[in-house]
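Notes follow the structure.
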Amino acid sequence: MSTQSADPAGPAGPANPTEPADPLARERAHLSSSRAALRTMRKDVESLDIRDVTANWVNAEALQHQISERIKALADLSDTPLFFGRLDYLHAPGAEQAEGAEGERFYIGRRHVHDAAGDPMVIDWRAPVSQPFYRASKRDPMDVGLRRRFGYTGGDLTAYEDEHLSDPAAVSGSDGGATTSKLLQQEIERPRVGPMRDIVATIQPEQDEIVRSGLAGTVCVQGGPGTGKTAVGLHRVAYLLYAFRERLARTGTLVIGPNRSFLHYIEQVLPALGELEVKQATVDDLVAHVEVRGTDDAAAAVVKGDARMAEVLRRAVRSHVTMPTEQVVVVRGSRRWRVPAYELEDIVGELLERDIRYGAAREALPQRIAHAVLVQMERSGEAPDDRVQDAVARNLAVKAAVKAIWPPVDPAKLVLRLLADADYLAVHADGVLTDEEQKTILWARPARSVKSAKWSAADAVLIDEATDLVQRTHSLGHVVLDEAQDLSPMQYRAVGRRCTTGSATVLGDLAQGTTPWATRSWEEALAHLGKGEAVIEELTAGFRVPTDVITYASRLLPHIAPGLTPVASVRENPGFFELRTITVTSDTDGDEQVVAACEELLRHEGSVGLIAADARVPALTEALSAAGIGHLDPGEETTPERRLTLVPASLAKGLEYDYVVLDEPQAVVDGEPDERTGLRRLYVALTRAVSGLIVTHAAPLPPQLV
């Protein structure tokens, strides 16, 4: 890439005479000025005095919290570039057709920064004026004359690269000797050390379309390994919070991941983009009505996760309603008012037909009975008002009738009885579950109480469903559901309840489904989620996994997800891929050769993951310790001294490492209850590497890979 002697004045007009003549020096000066402006913005917030602007301590606490969060959002992260691009427009935005209109220059970054006069020095990447940075092309320049990308080393601006979109042949820049058009590729291929980082500087046009899709609609993203679907989902949240901040501030947002290790891995992405209020949880966190201390075998978990269980629970809840057989007599003063049984039956029948929540109907029943009494009062010449109706609704006779007709329901006790009482389950599962399926989910040793029961994760989801049948679950404005392919239909329903009045971003890969109930099609999954109208998008360009690695892993696709488009790697760095046979002798079990492969990869910069079947982890832990190599558990942050993570195959999903040693592929397959699930688990493990993969094996490889 050639070095320019001067930066063209371009559409933004002539440069300031006091600025340095060297283009790179000018950009560094703008970076310094922008950082100074950001510090001033932060100091302005820190100096706010709210003592005379709040009416009471509650308002003061709320306002102080908002100020504290704003101060955090304005933090200048020294190792994070404040801006990563620049757009030089041919015309002022909104004045493209005005003859002689002067263009404007905008620096694109992770947050908005303005100077003392309020003029922008850095534009938030989510602003409409920033969109051409991601979508403009030589074919459609979107009124952009020049797009400049910046290269950084740590927090220091060290290079730039220009695209003259109005002159497709022109490319220029300065990077101290790098070749043309490398900055974007270098950013994509930068080593993965520490938690997941944002991709705000490298978002591609097809990803940007998903990121900027509106709040009203639900989007489902099918993406193979390394296509950036998780990053797209997180950046979509950040964009929605920018575009619909006031609305989402009221309704809330939530990111749902498969496990705690995964959530820890992604937890820094949104704060780096200035968003600090987004909550994160697993599905198990959402349905934590009871303590989970037990497990189900695969057959029981599949039945409990089936959507038909929702009908079983609905029947069981509604079975508590008993049609009245006696009248209700309300005494007020010297008068007695009678509501006959047939009229009570009509009231109860009407509430059942409305099919509203059990608890809401129970709350409405005493008011309906009281209204029937008021009608009689009015016919007798009295003029009762709302206070009289409320008093009648609280009458002891009415309360007793409501308790007998529509008793309260404890969701956990209801599920406990269904799983412990064969006759009770048979009544409510008749025609829904087969006799064999009913036997499958019945507890061998029924628990005596909710507290003593050894609830499984699937049981907790059933309790959540029953809880919602009694009382409506609070709905959020937007939910991001990652690794969705592993959810059961009942888990989809649990997530769907959290966004009934909002929207969702569903992320996953059908080829990576590793549960017995893994999703077979996104249309089916979205129907269970209650978002059947969602738009399904597919990402097929791979930005993470080297070509040789993804090509090798894709040999499994015909066996695990026929019809899916294989990922095509766009990485220029080919990385490396090696199959290494381990020699086992009478004196050695071969584990030291696996450790030697890890030591070999640790000589390179970046993180290293040793992925193995769960049953192999103890032996490899011992081998690493014997070699004096410290290692981390999944989700723990790497440091320069500790860069090796030992990863059980069951926890590898969603994680990534610069280099990976995959131990014994056949053992990974054998560790699952069936071959199809095992091959999917292997597909996940094979695709965690960013720069290089060594597959070590003493046993023969699975035939699907040969």
Would you tell me whether [X] and [Y] have side-chain atoms, one donor and one acceptor, within less than 3.5 Å of each other?
| X | Y | answer |
| --- | --- | --- |
| Gln485 | Glu483 | yes |
| Asp464 | Thr467 | no |
| Gln222 | Asp509 | yes |
| Thr519 | Tyr492 | yes |
| Arg681 | Thr514 | yes |

If you count every heavy atom of other residues, nucleotides or ligands that lies below 6.0 Å from [X] atom [atom1], does the total exceed 12?
| X | atom1 | value |
| --- | --- | --- |
| Asp386 | CG | no |
| Arg293 | CZ | yes |
| Arg247 | CZ | no |
| Glu326 | CD | no |

Judged by atom type as modelled, is there a donor-acceptor pair below 3.5 Å linking the side chain of [X] to the main-chain atoms of [Y]?
| X | Y | answer |
| --- | --- | --- |
| Ser503 | Thr218 | no |
| Arg315 | Asp430 | yes |
| Gln376 | Arg338 | yes |
| Arg126 | Ala243 | no |
| Trp337 | Ala372 | no |
| Lys653 | Gln512 | yes |
| Gln438 | Leu433 | yes |
| Lys229 | Val221 | no |

With a 4.5 Å cut-off on side-chain heavy atoms, are [Y] and [X] touching?
| X | Y | value |
| --- | --- | --- |
| His478 | Thr505 | yes |
| Leu313 | Val415 | yes |
| Trp443 | Leu416 | yes |
| Ile536 | Leu526 | yes |
| Glu382 | Glu378 | no |

Using every non-hydrogen atom in the two residues, find where [X] and [Y] come nearest and quote the distance to one decimal.
| X | Y | answer |
| --- | --- | --- |
| Arg498 | Leu286 | NH2-O, 2.9 Å |
| Thr515 | Asp486 | OG1-O, 3.2 Å |
| His320 | Val409 | CG-CG2, 3.6 Å |
| Leu374 | Asp385 | CD2-O, 3.9 Å |
| Ser47 | Asp44 | OG-O, 2.9 Å |
| Ala393 | Lys399 | O-CG, 4.3 Å |

Flag the pair [X] and [Y] as a salt bridge only when some basic side-chain nitrogen lies within less than 4.0 angstrom of an acidic carboxylate oxygen.
| X | Y | answer |
| --- | --- | --- |
| Asp390 | Arg394 | no |
| Arg260 | Asp285 | yes |
| Arg357 | Asp468 | yes |
| Arg680 | Glu672 | no |
| Arg368 | Glu343 | no |
| Arg308 | Glu311 | no |

Looking only at the aromatic ring of each residue, does the gap between the centers of Trp406 and Tyr358 stay below 6.0 angstrom? yes

Please test Asp459 against Lys454 for salt bridge (charged side-chain N to carboxylate O under 4.0 Å, His left out), starting from the C-alpha separation and ending with a verdict. CA-CA 9 Å; Asp459 297 334; Lys454 290 189 175 181; over 6 Å; no

So how far is it from [X] [atom1] to [Y] [atom2], rounded to the nearest 0.5 Å?
| X | Y | atom1 | atom2 | value |
| --- | --- | --- | --- | --- |
| Cys499 | Leu481 | SG | CG | 8.5 Å |
| Phe262 | Ile256 | CZ | CD1 | 11.5 Å |
| Leu418 | Leu425 | CG | CG | 6.0 Å |
| Thr473 | Arg497 | OG1 | CZ | 5.5 Å |
| Leu240 | His235 | CG | NE2 | 13.0 Å |
| Met323 | Asp346 | CE | CG | 9.0 Å |

Let me see the working for Thr677 and Asp674 under side-chain contact (heavy atoms from CB on, under 4.5 Å), right down to the final yes or no. CA-CA 6 Å; Thr677 303; Asp674 60 83; 3.0 Å; yes

Take Gln389 and Gln367, measure what side-chain hydrogen bond (donor to acceptor under 3.5 Å, both in side chains) needs, and give me the verdict at the end. CA-CA 7 Å; Gln389 179 168 330; Gln367 290 291 336; 3.0 Å; yes

Using the rule side-chain contact (heavy atoms from CB on, under 4.5 Å), only one of Leu248, Leu273, Val480, Val255 pairs with Val278; which is it? Val255

Among Val506, Leu254, Val283, Val287, the one residue meeting side-chain contact (heavy atoms from CB on, under 4.5 Å) with Val495: Val283

Walk me through whether His289 and Trp455 qualify under ring pair (Phe, Tyr, Trp, His ring centres under 6.0 Å). CA-CA 10 Å; His289 303 285; Trp455 299 104; over 10 Å; no

Apply side-chain contact (heavy atoms from CB on, under 4.5 Å) to the pair Ser488 and Asp306, showing each step before the final yes or no. CA-CA 7 Å; Ser488 70; Asp306 195 293; over 6 Å; no

Given the rule in the side-chain contact (heavy atoms from CB on, under 4.5 Å) test, do Ser213 and Arg236 qualify, once you have shown the distances and angles that lead to the verdict? CA-CA 8 Å; Ser213 52; Arg236 176 160 156 73; 2.8 Å; yes

Asp435 vs Lys439, test: salt bridge (charged side-chain N to carboxylate O under 4.0 Å, His left out). Steps then yes/no. CA-CA 6 Å; Asp435 292 343; Lys439 292 178 183 178; over 6 Å; no

Lys279 and Thr253: CA distance, side-chain angles, deciding distance, side-chain hydrogen bond (donor to acceptor under 3.5 Å, both in side chains) verdict: CA-CA 7 Å; Lys279 296 181 179 179; Thr253 52; over 6 Å; no

Show, in sequence, the C-alpha distance, side-chain angles and deciding distance for Lys304 and Ser456, and conclude whether the side-chain contact (heavy atoms from CB on, under 4.5 Å) test is met. CA-CA 10 Å; Lys304 290 179 180 180; Ser456 69; 3.9 Å; yes

Measure from NZ or CZ of Arg417 to the centre of the six-membered ring of Tyr424 and say whether it is under 6.0 Å with the direction within 45° of the ring axis. yes

